[in-house]
Amino acid sequence: MIWLRGRTDRIQPALDSIRHTFSQYQRRADTQETIQLQKTNWKMVGNLTSLIIFSILLLATLIGVPTVLTKVKKDKTCSEITHWTTISTSSVHPATMIPFISQNMNPLCTATASWNSTGITVTGLPNGSSSTALNGLKYPHDIYVYDDGAILIADSGNNRIIRWNHNATEGINIGGTGAYGSWVNLLADPIALAVQGNALYVSDVENYRIQMFPLNSNLSSPDATTIIGHYGQGSSLMQINQVTNLLVPVSNPYLLYMADSKNHRILSWNSQFNYTSVVAGQTGISGSNSTLLNNPLGIALDERTFSLYIADTFNNRIQKYDMNTISAGTTVAGGAGQLNNPSAVQLDPSGTNMFIADTLNHRILLWLNGAIKGHTIAGNGNAGSSATQLNNPSQIRLDSNYNLYVVDTNNSRIQRFDLISNGC
């Protein structure tokens with residue numbers, strides 16, 4: 001009994017230890033089972049979530065793809081206004097661009113579109129008379145059209161720039177005083193203009209300079225800053241000789257293209273670096289081969305492909321230059337007596353179909369991409385001042401609704417030919 005009691009005193013702690021160890025293993029097993037159960041539950045939740053997401057994506061695909069395909073099919077024959085934006089406006093080569101779509105998404109199917117052949121006089125006197133008053137014009141040469149219907153006019157014979165608001169009865173003087181001169185607030189036959197933000201570029205032809213006027217000035221004849229042409233008439237890269245057209249790309253507003261007509265070349269000026277280069281033609285050399293120009297008066301830029309279209313006036317043709325390579329030009333309109341001193345070219349939203357001011361034929365042509373001839377959409381080929389006639393049209397612009405504005409120079413008026421059908 002004494003021996004058994006002694007053994008019992010030794011065995012009891014051992015049994016307690018075994019029970020404690022077993023209890024720990026049991027708790028661990030229960031914990032593992034709980035964790036496994038939780039994993040299983042979360043796995044089921046994850047699978048269910050994945051199934052829901054997959055179902056939503058599948059449903060969206062089934063609904064969305066036909067919609068996209070339908071839109072692509074619908075828009076296939078229509079043009080959209082597409083512009084480009086530079087990757088960097090400070091250091092990128094001007095040809096390095098990425099696309100974006102502008103907010104104006106009105107379609108224009110140019111091949112089947114139609115315009116009213118009867119023009120509406122929006123500025124100037126309808127009878128074709130010139131005037132020095134603010135309700136008239138004198139041999140205008142260029143315009144800029146705002147989305148709200150207001151237009152800026154290079155009123156060349158009156159040595160001034162006029163702003164004409166929508167439905168106004170007279171213009172507002174915003175540049176020049178009307179007097180011929182070379183002071184900072186005067187102009188001498190301003191013939192071309194371009195807008196970049198609050199800056200207005202003006203080709204002051206007989207002063208052989210490009211002037212920059214502030215558009216946010218409250219003065220009727222503010223002082224301008226000369227940006228090109230500090231050294232008078234000439235053919236160096238610091239000089240110009242009758243710039244007849246100006247163009248600021250949407251994609252790179254630091255560039256200014258100039259049709260330096262009497263130097264038979266197209267110039268590009270970079271305002272950031274004050275650097276000028278020849279991008280088409282050869283300085284001082286006129287000719288009719290693929291590398292030369294002869295008195296080019298008008299330019300237009302397709303910013304999707306970076307192609308420059310040039311009204312090569314004395315060669316009676318439109319030349320197309322790939323600005324990515326800046327090599328020889330390709331004739332895309334003209335030949336066989338079809339054009340007579342074309343002075344302006346503009347592009348439709350596709351960037352390939354052309355509107356041409358066929359100046360000495362007193363008409364506006366629509367020349368489709370790849371066509372061998374154009375067809376008349378304004379003017380009848382005879383000089384006149386009726387609503388269906390033009391007299392030496394020198395510039396053309398399209399507003400946001402694709403109404404056609406024509407600078408009817410020798411009638412001292414701006415005519416608008418309204419779009420009847422977009423053709424889509």
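- A cation-pi arrangement is not found for R163 relative to Y144, the charged atom failing to lie both closer than 6.0 Å to the ring centre and inside a 45° cone about the ring normal.
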Step by step, would you call D302 with S307 a side chain to side chain donor-acceptor pair (under 3.5 Å)? CA-CA 5 Å; D302 174 15; S307 298; 4.9 Å; no
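- Rounding to the nearest 0.5 angstrom, the gap separating the CD1 atom in I174 from the CG atom in L215 is 5.5 Å.
- Contact of the T376 side chain with the L365 side chain is registered, since non-hydrogen atoms from C-beta on lie closer than 4.5 Å.
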Please step through side-chain contact (heavy atoms from CB on, under 4.5 Å) for the pair Q319 and T331, ending with a clear verdict. CA-CA 5 Å; Q319 295 292 91; T331 301; 2.4 Å; yes
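- Here D142 pairs with R397 in a salt bridge; the nearest charged N to carboxylate O distance falls below 4.0 Å.
- Distance OG/S386 to CG/N380: 6.5 Å, rounded to 0.5 Å.
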Residues Q346, Y309; criterion side chain to side chain donor-acceptor pair (under 3.5 Å); working and verdict: CA-CA 8 Å; Q346 297 296 334; Y309 290 73; over 6 Å; no
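- Side-chain contact between Q242 and T244 is present, with heavy atoms from C-beta onward closer than 4.5 Å.
- Heavy atoms from other residues, nucleotides or ligands lying under 6.0 Å from OH of Y231 number 12 at most.
- You'll find the side chain of N207 stays beyond 4.5 Å of the side chain of L187, heavy atoms only.
- Between the OG atom of S220 and the CG atom of N185 there is a distance of 9.5 Å, given to the nearest 0.5 Å.
- Looking at heavy atoms from C-beta onward, I228 lies in side-chain contact with M258 at the 4.5 angstrom threshold.
- Residues in residues 235-250 take part in no salt bridge (charged side-chain N to carboxylate O under 4.0 Å, His left out) pair, two or more places apart or across chains.
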Check against side-chain contact (heavy atoms from CB on, under 4.5 Å), N340 and T359: CA-CA 7 Å; N340 191 354; T359 303; over 6 Å; no
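- Every residue two or more places apart in sequence or in another chain that forms a side-chain contact (heavy atoms from CB on, under 4.5 Å) with A111 is listed here: L368.
- For W269 and Y254, the distance between ring centers is not under 6.0 angstrom.
- A salt bridge links R416 to D418: one of the charged nitrogens lies within less than 4.0 Å of a carboxylate oxygen.
- Remark: of the listed residues L267, D260, I240, N270, L267 is the sole one forming a side-chain contact (heavy atoms from CB on, under 4.5 Å) with T276.
- You'll find the side chain of Y405 stays beyond 4.5 Å of the side chain of Q415, heavy atoms only.
- Here the OG1 atom belonging to T225 is positioned 10.5 Å from the CZ atom belonging to R209, to the nearest 0.5 angstrom.
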One pair to check against side-chain contact (heavy atoms from CB on, under 4.5 Å): V332 and M354. What are the steps and the verdict? CA-CA 9 Å; V332 291; M354 296 168 286; 3.7 Å; yes
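- Checked against T409 for a side-chain contact (heavy atoms from CB on, under 4.5 Å), the options Q395, H141, K138 give a single hit: H141.
- Looking only at side-chain heavy atoms (C-beta outward), I210 and V202 stay at 4.5 Å or farther from each other.
- In this structure the side chain of L200 reaches within 4.5 angstrom of the side chain of L193, judged on heavy atoms.
- Taking CD1 of I299 as the start and CG of D312 as the end, the distance is 13.0 Å to the nearest 0.5 Å.
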Assess the residue pair D399 and N401 against the criterion (side chain to side chain donor-acceptor pair (under 3.5 Å)); give the C-alpha distance rounded to whole Å, side-chain angles, the decisive distance to 0.1 Å, and a yes or no. CA-CA 5 Å; D399 67 15; N401 294 314; 4.8 Å; no
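- Rounding to the nearest 0.5 Å places CG of L301 at 11.5 Å from CD1 of I266.
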Evaluation steps, side-chain contact (heavy atoms from CB on, under 4.5 Å), between V407 and I414: CA-CA 5 Å; V407 180; I414 309 300; 4.0 Å; yes
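- By the 6.0 Å contact criterion, NE2 on H166 is open, its count of non-hydrogen atoms from other residues, nucleotides or ligands being 12 or less.
- Taking 4.5 Å as the limit, some side-chain heavy atom of I172 sits within range of a side-chain heavy atom of N165.
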What donor-acceptor contacts under 3.5 angstrom involve side-chain atoms of residues 287-296, with partners at least two apart or in another chain?
from	atom 1	to	atom 2	distance (Å)
N289	OD1	T291	N	2.9
N289	OD1	T291	OG1	3.0
N289	OD1	L292	N	3.0

Verdict with supporting geometry, Y146 and W164, ring-ring contact (aromatic ring centres under 6.0 Å, His included): CA-CA 10 Å; Y146 286 100; W164 201 291; over 10 Å; no
